[in-house]
A.B. asks: 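Structure incoming, see below.
As the structure is a prediction and not an experimental result, all values here were calculated from the model. The figures here come from the full heavy-atom set of this structure, side chains too, leaving out hydrogens, waters and symmetry mates. Every chain is numbered from 1 and lettered A, B, ... according to where its sequence line falls, protein lines coming before strand lines.
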2 protein chains.
Amino acid sequence: MTQAKKKQPLAQRPSLTMADLAELAGVSKITVSRALSESPLVNAQTRERVQALARKHGYKLNVSARNLRLRRSQTVAVIVEMKPSSERTMWDPYPLSLLGGISQELTSAGYSVLLTTRQGASHAAVQAADGLILLGQGVRQDAVRLYGKLGLPMVVWGAAGEGGDNHTVVGSDNRQGGVIAAERFLSIGRRHPVFIGNPDHPEMAQRLFGFVDELARHGIKPLLLRRDDFTLESGVDAVRSLAARKVRFDAIFACSDLLAMGAIRALVELGQSVPNDVSVIGYDDTPLGASFLPPLSSVRQNWQEGGVLLARKVLAMIHGQPVQSQMMATTLVVRST
Amino acid sequence: MTQAKKKQPLAQRPSLTMADLAELAGVSKITVSRALSESPLVNAQTRERVQALARKHGYKLNVSARNLRLRRSQTVAVIVEMKPSSERTMWDPYPLSLLGGISQELTSAGYSVLLTTRQGASHAAVQAADGLILLGQGVRQDAVRLYGKLGLPMVVWGAAGEGGDNHTVVGSDNRQGGVIAAERFLSIGRRHPVFIGNPDHPEMAQRLFGFVDELARHGIKPLLLRRDDFTLESGVDAVRSLAARKVRFDAIFACSDLLAMGAIRALVELGQSVPNDVSVIGYDDTPLGASFLPPLSSVRQNWQEGGVLLARKVLAMIHGQPVQSQMMATTLVVRST
DNA sequence: GGATCGAATGATATCGATATCAAGATATCG
DNA sequence: CGATATCTTGATATCGATATCATTCGATCC
């Protein structure tokens, strides 16, 4: 029982180690380790005793030590592309829902989530991760190649196929989102649909393709109205320009709820009835759209589930299982428009 | 040069260690360590040579080993309260901006951000963190006490003083947000202001207090109109009920942009002019409000900066510096209402 | 010229946990 | 009763990095 510590080179609040517990319990370190990890190799009584002691003294496992010994980090890095001021701001609720799903799934699998922005991603801790998840828009171009070089299991959130080299992608099935919008319009007999959005965004291009293809199967060709902003104003403006050009249309599929709401406002101003004269479908099913008057019909993507899926894929890759890209189905929430 | 490895108990992709580098460079491990950490104790030439080798072979520092030796984790855990069910949908966007600020500040200080949801927070890795940041609504009641017991440096996002035991709080100055709204109304000569919101939420109560107090200094007493939902409909409904009760009012301070927009819509329906007859101020300065017609005046909170501040406080605490709670000033963005 | 100093490098111990192998104790069997 | 199997525990080595102390070598000093 030597009470005095020999030295204290790196001062820190002294935390209990397994060795300390071992001494307290009158057993060896290894027995403590086994007891705490529920190993069947220790006597039940010993196990109880050690665990009780651990609780009583507030023992905390040293994660670094374990990870070092086990040669793994039990960590997945999530790299988020966050442009502070850009077209699609981080005000979008979706990254957070995605993160929620990721975090939930990974932590319940005993993994930690290391959150990083693009700049910070060169940090050593990221390289030490067992796997990588990439989120954000600019991600698919350079970032994929950049992080791919790390040689870690990696899953990317985004559009399928695109740049579809060999990395795994999870994303919302934008094409199918366009298809179900088209189906809806067809089922209620619309013949002159309009698409509002910016096909330069890969996601929106997919929506457009799905929309166009499905309509084409019924001999209908929609009008493409390009709009770069996804604001309410932009939607208003879009419809006004249609009216100014005396275009005939009876349905609008907008690439965001905001666009859709703007369109509806403009329609009302023009004396058109929604949905009697013109039917409108938005995208993202935002709470705002749901409480709009009239309540907006919209294509919903389940972000939370997307996060869960991303997490599962990385975990599978980490464990050496084969993994494939996957697109998540979207659903159409039909409300009053 | 023994080529065969003795054993391989824990198989993993073989990664270069300092010992390997040392052998390649013909120096000892410690010299490598010093060379890579820019220590002045090594000859400049040696340092260059070792660093070049490290780059060439893609050497990666083993973070666990370093953390173990250094007895620290260089990690701050962020615990996010995420209720999937919405209720307070307006809260969705803010945690991400906050996270952005936190992440940016911490990683640039060489720290890692460990993201956790409430359930996962018991995970060992959280206890291993050097510090804790708590985000989310339910946080202030039990969570603070719960995590406080860990004895780690901890900073909480929320309302000041409240439950104000001894932990550090960073938050938006809601009271001051109410004050500046009041000041604005006073400066443009409004005499009959209305407050719409739910004072049961601590943040909103603060806004109300600030609003009321500032007005009181000029002998004006606002009307409190309680609304539990923060939707557009709720705002519409609020104004209609005012009209039905034939209440006289010339200004509205709403606790969310959505409420404000609903209010404006109802006012327009009632034939009132905004801002001529009634002036309206919202809260949060959402992009949606900015692109509303007419563009909404609103109280802005700088979330990103809040995140930075949270991060700085934990870091300061970790380094043993004294730290105080701090409320961030809000600004009034005056647009057309 | 011997002592002293500084620069550069190395040997060793250490952080806290766990894998591996060995050994003691007890039980079971022929 | 001796031998083997089973259960339980321990000794030791190891993961990869760094702090500490020791050493070497050349330069400088009086």
A.B. asks: Rounded to the nearest 0.5 Å, what separates atom OG in A:Ser73 from atom CG in A:Leu152?
C.D. replies: 8.5 Å
A.B. asks: Can you check nucleotides 5-9 of chain D for protein contacts, nitrogen or oxygen pairs under 3.5 Å, and list what you find?
C.D. replies:
unit_1, atom_1, unit_2, atom_2, d
D:dT9, OP1, A:Thr46, OG1, 2.8
D:dT9, OP2, A:Asn43, N, 2.9

A.B. asks: Does a side-chain N or O from A:Tyr59 land closer than 4.0 Å to OP1 or OP2 of C:dG16, or not?
C.D. replies: no
A.B. asks: Roughly how far apart are B:Met18 CE and B:Thr31 OG1, rounded to 0.5 Å?
C.D. replies: 11.0 Å
A.B. asks: Strictly distance-based, threshold 3.5 Å: is any side-chain N or O of B:Ser39 a donor or acceptor partner for the main-chain N or O of B:Arg34?
C.D. replies: no
A.B. asks: Let me have the donor-acceptor pairs involving side chains of residues 44-51 of chain A, under 3.5 Å, with sequence neighbours excluded, atom names and distances please.
C.D. replies:
unit_1, atom_1, unit_2, atom_2, d
A:Arg49, NH1, A:Ala25, O, 2.8
A:Gln51, NE2, A:Ala35, O, 3.0
A:Gln51, NE2, A:Glu38, OE2, 3.0

A.B. asks: At less than 3.5 Å, do the side-chain atoms of A:Arg69 and the base atoms of D:dT14 form a donor-acceptor pair?
C.D. replies: yes
A.B. asks: So, does A:Gln304 use its side chain to make a donor-acceptor pair with the main chain of A:Gly100 at under 3.5 Å?
C.D. replies: no
A.B. asks: How many whole angstroms separate atom CG of A:Asn62 from atom P of D:dG16?
C.D. replies: 16 Å
A.B. asks: Go through the steps to decide whether B:Glu305 and B:Met328 satisfy the test side chain to side chain contact (heavy atoms under 4.5 Å, CB included), and finish with yes or no.
C.D. replies: CA-CA 9 Å; B:Glu305 187 192 320; B:Met328 296 191 319; 4.0 Å; yes
A.B. asks: Under the salt bridge (charged side-chain N to carboxylate O under 4.0 Å, His left out) definition, can you give me all pairs with a residue in residues 314-326 of chain A, not counting sequence neighbours?
C.D. replies: none
A.B. asks: Would you mind reading off the distance between A:Met18 atom CE and C:dC15 atom P, rounded to a whole angstrom?
C.D. replies: 15 Å
A.B. asks: Between A:Leu36 (CG) and C:dA19 (P), how many Å, whole number?
C.D. replies: 13 Å
A.B. asks: With rounding to the nearest 0.5 Å, note down the distance linking CD in B:Gln74 to CD1 in B:Ile318.
C.D. replies: 8.0 Å
A.B. asks: For the pair made of NZ in B:Lys29 and C1' in D:dA19, what is the distance, rounded to whole Å?
C.D. replies: 12 Å
A.B. asks: How close or far is atom P of D:dG16 from atom CZ of A:Arg72, stated in whole angstroms?
C.D. replies: 15 Å
A.B. asks: Return yes if some donor-acceptor pair links the side-chain N/O of B:Lys60 with the main-chain N/O of B:Leu16 below 3.5 Å, else return no.
C.D. replies: no
A.B. asks: Examine distances only and state if a side-chain atom of A:Asn67 and a backbone atom of B:Ser64 form a donor-acceptor pair shorter than 3.5 Å.
C.D. replies: no
A.B. asks: Using whole Å, report how far CD of A:Gln127 lies from P of D:dG16.
C.D. replies: 16 Å
A.B. asks: B:Leu68 has an atom CG; how far is it from atom P of D:dA19, in whole Å?
C.D. replies: 13 Å
A.B. asks: Could you list, one pair per line, each protein nitrogen or oxygen that sits under 3.5 Å from a nitrogen or oxygen of nucleotides 25-27 of chain C, together with the distance?
C.D. replies:
none

A.B. asks: What is the distance, rounded to the nearest whole Å, between atom CD1 of B:Ile30 and atom P of C:dA8?
C.D. replies: 16 Å
A.B. asks: Compute the bend angle of the helix from C:dG1-D:dC30 to C:dG30-D:dC1 from the end axes (five pairs per end), rounded to 10°.
C.D. replies: 50°
A.B. asks: Check salt bridge (Lys or Arg N to Asp or Glu O under 4.0 Å) between A:Arg312 and all other residues, then give those that pass, not counting sequence neighbours.
C.D. replies: A:Glu105
